[in-house]
Amino acid sequence: MIKVDEKGFYGKFGGAYIPEMLYPNVEELKNNYEQITQSDEFKKEFHHLLRDYVGRPTPLYFAERLSEKYGAKIYLKREDLCHTGAHKVNNTIGQIILAKKLGKKRIIAETGAGQHGVATATVCALMGMDCTVYMGEIDMERQKPNVERMRILGAKVVPATSGSKTLKDATNEALRQWINNPVDTHYIIGSVVGPHPYPEMVARFQSVISEEIKYQLKEKEDRENPDLVIACVGGGSNAAGAFYHYYNTPEVRLVAVEAAGLGVSSGKSAATTALGTSGVLHGSKTLLMQTEDGQVIEPHSISAGLDYPGIGPVHAHLFDSGRGEFYAVEDEDAMKAGVELSRLEGIIPAIESAHALSALKQVRFNSSDIIVVNLSGRGDKDLDTYIKWGGY
Amino acid sequence: MNRIDNLFQTKKENILSIYFTAGFPKLEDTIMVMEGIEEAGADIIEIGMPYSDPVADGPTIQESNKVALENGMSMKKMFSQLESMRDKISIPVVLMGYLNPIMQYGVEAFCQKCKEVGVDGLIVPDLPIQQYQEDYKELFDQYDLRNTFLISPQTSETRIREIDKQSDGFIYMVSSHSITGAKSGISEEQIAYFEGVKAMELANPRLIGFGISDHATFMTASSYSNGAIIGSAFIKVLRDAKNLKQDIKTFIQGVKQA
Ligand SMILES: Cc1ncc(COP(=O)(O)O)c(C=O)c1O
């Protein structure tokens with residue numbers, strides 16, 4: 001069974017390894033989130049905003065030319081059509097309603113690619129809440145348009161200047177600022193990472209993805225279960241959402257795709273399950289790229305959203321238990337897959353999502369199989385990277 | 001007898017604990033800094049084990065962690081430096097650091113090594129009480145290591161009492177809701193919190209840390225507890241030192257008396 005236990009563990013992974021200063025904040029969340037998110041009032045607002053504001057349900061699109069090319073029936077779950085351009089907003093909508101119900105006045109968030117930052121700035125504008133986003137100094141450089149999008153939306157963007165100046169350090173900074181502002185501030189984490197209850201809470205908000213896949217596939221194929229679901233994994237929130245209602249349906253293969261960067265053994269990679277060992281980062285025990293001495297290793301991926309040295313504890317458990325199949329895709333192959341989808345289907349995917357698409361080349365399946373690829377985001381934010389790469 | 005137990009039995013007030021990062025400012029400075037701290041008359045040495053992601057620390061200590069790691073500091077290197085520390089150092093020594101490097105070293109191997117070199121206690125901010133009880137307490141006890149938990153102004157009385165029950169060295173009172181880093185002065189709100197905890201008459205001694213930087217803040221903090229811990233302000237002294245030992249002495253003696 002893939003299920004979180006009372007202490008926040010998925011098998012050996014998870015928990016809440018946090019400084020005591022964060023305990024009251026996390027405890028408040030833990031004690032209230034189930035009750036609040038299960039209430040009719042919350043559900044009503046959540047579903048209303050997902051429908052009328054985010055534009056859900058997102059289509060489950062049969063990609064005919066892509067299917068022809070790979071010899072299977074391939075559907076794309078179009079999270080790229082969500083307002084703000086990626087699945088991230090499903091989670092920020094859920095958390096902002098929760099934050100309001102908890103009486104919080106300020107929101108903080110971390111961001112890597114800037115997608116989660118934009119999704120957070122968006123819902124803060126929507127709710128009239130003060131918003132500060134921490135972003136690695138290096139990521140601010142390589143994702144400039146998203147920095148400006150956040151600013152237009154009224155958010156403060158604060159550079160994280162410590163460590164490697166990327167997503168991991170932005171997360172450290174957000175955690176520090178939460179310690180500094182424990183009473184009126186809610187921290188919207190952007191993936192299924194962090195101390196319990198965050199990984200499960202974020203997964204539940206994202207689980208709308210697989211909830212929709214089920215009934216959409218039923219309409220189209222008269223079956224709820226595809227043979228495979230494929231999704232990219234940075235922290236793992238879009239994958240957790242796409243897998244959620246299939247965790248305990250063993251006949252559905254769950255395929256998680258990590259960023260190999262310049263190659264799994266190149267020293268410039270973000271393939272956590274291939275390179276990682278068990279450790280503690282950002283409040284949970286999980287698989288983690290680290291030195292023998294327990295220092296966290298700087299990952300590399302061409303896609304800022306996958307450039308993270310850990311994965312959510314649920315994915316560590318999917319890997320460890322063998323329930324999930326893990327693949328790694330190199331920068332170059334992801335870029336090519338992005339262009340391929342653009343040419344075959346007229347959809348320019350986010351480079352993160354392009355990793356999931358590229359896995360179609362590695363994964364073995366039958367021609368009669370139905371495959372759902374979670375297209376987590378669109379490529380607008382990545383134009384600069386596509387242009388610099390230039391291979392189209 | 002464990003040196004922490006001994007200290008708190010014989011000294012009840014104005015206890016001064018000094019934090020620094022192993023391998024900072026230079027890789028081989030660790031022992032010299034410890035000697036400086038002891039000679040200047042501090043009561044406890046708290047050695048920071050450098051970590052790439054020190055989430056409870058402010059900019060000054062983040063930087064010292066980074067520099068130490070760049071200098072080549074590691075857990076193994078640190079223990080090799082501490083190998084013969086008890087030839088020179090007689091006051092209690094506490095290791096402070098994050099859980100991950102300890103897990104990778106191997107918790108039992110780590111505890112054994114601590115005992116072997118003469119470490120008396122541990123402060124691991126991201127090791128929560130529940131995990132401590134389930135997976136660590138037995139080993140810490142077996143190797144005679146005192147464990148220190150943190151409390152903050154946000155910690156409820158029930159939780160403080162629970163922490164008091166689980167503690168066996170001293171309680172680390174974080175002075176405000178903040179990460180480490182020197183601030184100027186102590187506010188009335190902080191005083192109210194110090195008084196509140198004092199009135200609880202806990203079983204364990206209390207040291208106040210975070211934002212303690214000079215004689216005035218040390219004395220104020222000490223008047224509501226058994227003493228105080230200085231970290232960031234001392235790291236700045238090390239960072240800017242011209243003559244390491246002399247500057248350590250000047251700073252610590254200045255903290256102890258005006
Ligand atoms: C489009 C897109 N997909 C995937 C990710 C990776 O995040 P996660 O693994 O949490 O889905 C990001 C992160 O920024 C993203 O923007």
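Any value given below was found using the heavy atoms of this structure, including those in side chains, with hydrogens, waters and symmetry copies removed. Each chain gets a letter, A, B and so on, in the order the sequences are listed, and its residues count up from 1. Quick caveat, the model's predicted, so the values are computed rather than measured.
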**Student:** Which of the residues Pro125(B), Ser156(B), Pro153(B) is involved in the greatest number of heavy-atom pairs with chain A at under 4.5 angstrom?
**Tutor:**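 So the answer, after comparing Pro125(B), Ser156(B), Pro153(B), is Pro125(B).
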**Student:** Tell me, side chain or backbone of Met103(B) under 4.5 Å from chain A's heavy atoms, or both, or neither?
**Tutor:**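 Only the side chain of Met103(B) comes within 4.5 Å of chain A.
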**Student:** Would you indicate whether the side-chain heavy atoms of Lys76(B) and Glu292(A) approach each other to under 4.5 Å?
**Tutor:**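 With C-beta onward as the side chain, the pair touches.
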**Student:** Kindly compute the distance separating CG (Leu127(B)) from CD (Glu20(A)), expressed to the nearest 0.5 Å.
**Tutor:**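 Answer rounded to 0.5 Å: 11.0 Å.
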**Student:** Between Gln295(A) and Pro101(B), which heavy-atom pair has the shortest distance, and what is it?
**Tutor:**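 Distance-wise, the nearest heavy atoms are NE2-CG, 4.4 Å.
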**Student:** So which part of Asn65(B) gets closer than 4.5 Å to some heavy atom of chain A, the side chain, the backbone, both or neither?
**Tutor:**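 Neither part, no heavy atoms under 4.5 Å.
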**Student:** Go through the atoms of Ser152(B) and report whether side chain, backbone, both or neither lie under 4.5 Å from a heavy atom of chain A.
**Tutor:**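 Side chain only.
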**Student:** Over all heavy atoms of both residues, which pair between Ile179(A) and Ala56(B) is shortest? Give the atoms and the distance, please.
**Tutor:**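 In terms of heavy atoms, the two residues are closest at CD1-CA, 4.3 Å.
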**Student:** Given that the side chain runs from C-beta out, which part of Glu70(B) has a heavy atom under 4.5 Å from chain A: side chain, backbone, both or neither?
**Tutor:**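 Neither part, no heavy atoms under 4.5 Å.
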**Student:** Chain A heavy atoms under 4.5 Å from Pro50(B): which part of the residue, side chain, backbone, both or neither?
**Tutor:**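 Just its backbone gets close to chain A.
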**Student:** Step through the shown structure and confirm whether more than 12 heavy atoms of other residues, nucleotides or ligands are within 6.0 Å of NZ on Lys268(A).
**Tutor:**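 Not buried by this count: 12 neighbours or fewer within 6.0 Å.
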**Student:** Below 4.5 Å from any heavy atom of chain A, which atoms of Met49(B) appear? Answer side chain, backbone, both or neither.
**Tutor:**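 Neither the backbone nor the side chain of Met49(B) comes within 4.5 Å of chain A.
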**Student:** Between chain B and each of Pro24(A), Pro182(A), Ser162(A), count heavy-atom pairs under 4.5 Å; write down the option with the most.
**Tutor:**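 Highest number of pairs under 4.5 Å: Pro182(A).
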**Student:** So, the side chain of Asn100(B) versus the backbone of Val280(A): is there a donor-acceptor pair under 3.5 Å, distance only?
**Tutor:**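 The answer is yes, because a donor-acceptor pair under 3.5 Å joins these two groups.
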**Student:** If you tally heavy-atom pairs under 4.5 Å against chain B, which of Gly279(A), Gly163(A), Ser164(A) wins?
**Tutor:**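 Counting heavy-atom pairs under 4.5 Å, the top option is Gly279(A).
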**Student:** What is the distance from atom CD of Gln104(B) to atom CG of Leu288(A), rounded to the nearest 0.5 Å?
**Tutor:**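 Output value for this atom pair is 7.0 Å.
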**Student:** Using a cut-off of under 4.5 Å for heavy-atom pairs, which of Lys168(A), His282(A), Gln177(A), Arg176(A) has the most such pairs with chain B?
**Tutor:**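 The candidate making the most pairs under 4.5 Å is Arg176(A).
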**Student:** Give a yes or no answer on whether the side chain of Asp126(B) reaches the backbone of Tyr17(A) with a donor-acceptor pair at less than 3.5 Å.
**Tutor:**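 Checked: no pair found.
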**Student:** Is Glu195(B) atom CD crowded by more than 12 heavy atoms from other residues, nucleotides or ligands, each under 6.0 Å away?
**Tutor:**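 Count over threshold, so yes.
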**Student:** For chain A, which candidate among Asp53(B), Leu69(B), Thr155(B) shows the most heavy-atom pairs at distances under 4.5 Å?
**Tutor:**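 With the most close heavy-atom pairs to chain A, the winner is Asp53(B).
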**Student:** With only heavy atoms counted, which part of Leu150(B) is less than 4.5 Å from chain A, the side chain, the backbone, both or neither?
**Tutor:**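 It is both, since atoms from each part get that close.
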**Student:** Might you confirm whether atom CD of Glu189(B) has over 12 heavy atoms from other residues, nucleotides or ligands at distances under 6.0 Å?
**Tutor:**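 12 or below, so no.
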**Student:** Look up atom OG in Ser52(B) and atom CG in Leu281(A), then write down how far apart they are to the nearest 0.5 Å.
**Tutor:**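 Result: 8.0 Å between the selected atoms.
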**Student:** So do Glu173(A) and Gln62(B) actually touch side chain to side chain, heavy atoms under 4.5 Å?
**Tutor:**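 Yes - at least one pair of side-chain heavy atoms lies under 4.5 Å apart.
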**Student:** For Lys7(A) and Glu134(B), run side-chain contact (heavy atoms from CB on, under 4.5 Å): C-alpha distance rounded to whole Å, both residues' side-chain angles, the deciding distance at 0.1 Å, then the answer.
**Tutor:** CA-CA 12 Å; Lys7(A) 293 171 187 163; Glu134(B) 286 173 13; 3.0 Å; yes
**Student:** Do you know the tightest heavy-atom contact between Val174(B) and Met21(A)?
**Tutor:**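 Smallest heavy-atom distance, with atoms named: CG2-SD, 4.0 Å.
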**Student:** Specify the closest pair of heavy atoms between Gly294(A) and Tyr51(B), including all atoms of both residues, with the distance to one decimal.
**Tutor:**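 Residues Gly294(A) and Tyr51(B), closest heavy atoms: O-CE1, 3.2 Å.
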**Student:** Would you find more than 12 non-hydrogen atoms of other residues, nucleotides or ligands less than 6.0 Å from Gln35(A) atom CD?
**Tutor:**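 Atom CD in Gln35(A) is not packed in, count stays at 12 or less.
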**Student:** Given the options Glu63(B), Gln130(B), Lys77(B), which has more heavy-atom pairs under 4.5 Å with chain A than any of the others?
**Tutor:**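 The residue among Glu63(B), Gln130(B), Lys77(B) with the greatest pair count is Gln130(B).
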**Student:** Which atoms of Tyr23(A) come close to chain B, meaning under 4.5 Å heavy atom to heavy atom: side chain ones, backbone ones, both, or neither?
**Tutor:**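 Side chain of Tyr23(A) only, per the 4.5 Å heavy-atom cut-off to chain B.
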**Student:** So what's closer than 4.5 Å to chain A heavy atoms on Ile163(B): side chain, backbone, both or neither?
**Tutor:**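 The side chain, not the backbone.
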**Student:** Taking side chain as everything from C-beta outward and backbone as N, CA, C, O, which of these in Gln154(B) sits under 4.5 Å from a heavy atom of chain A? Side chain, backbone, both or neither.
**Tutor:**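 Both backbone and side chain.
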**Student:** Tell me if the CD atom of Glu138(B) is crowded by more than 12 foreign heavy atoms within 6.0 Å.
**Tutor:**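 Incorrect, the count does not exceed 12.
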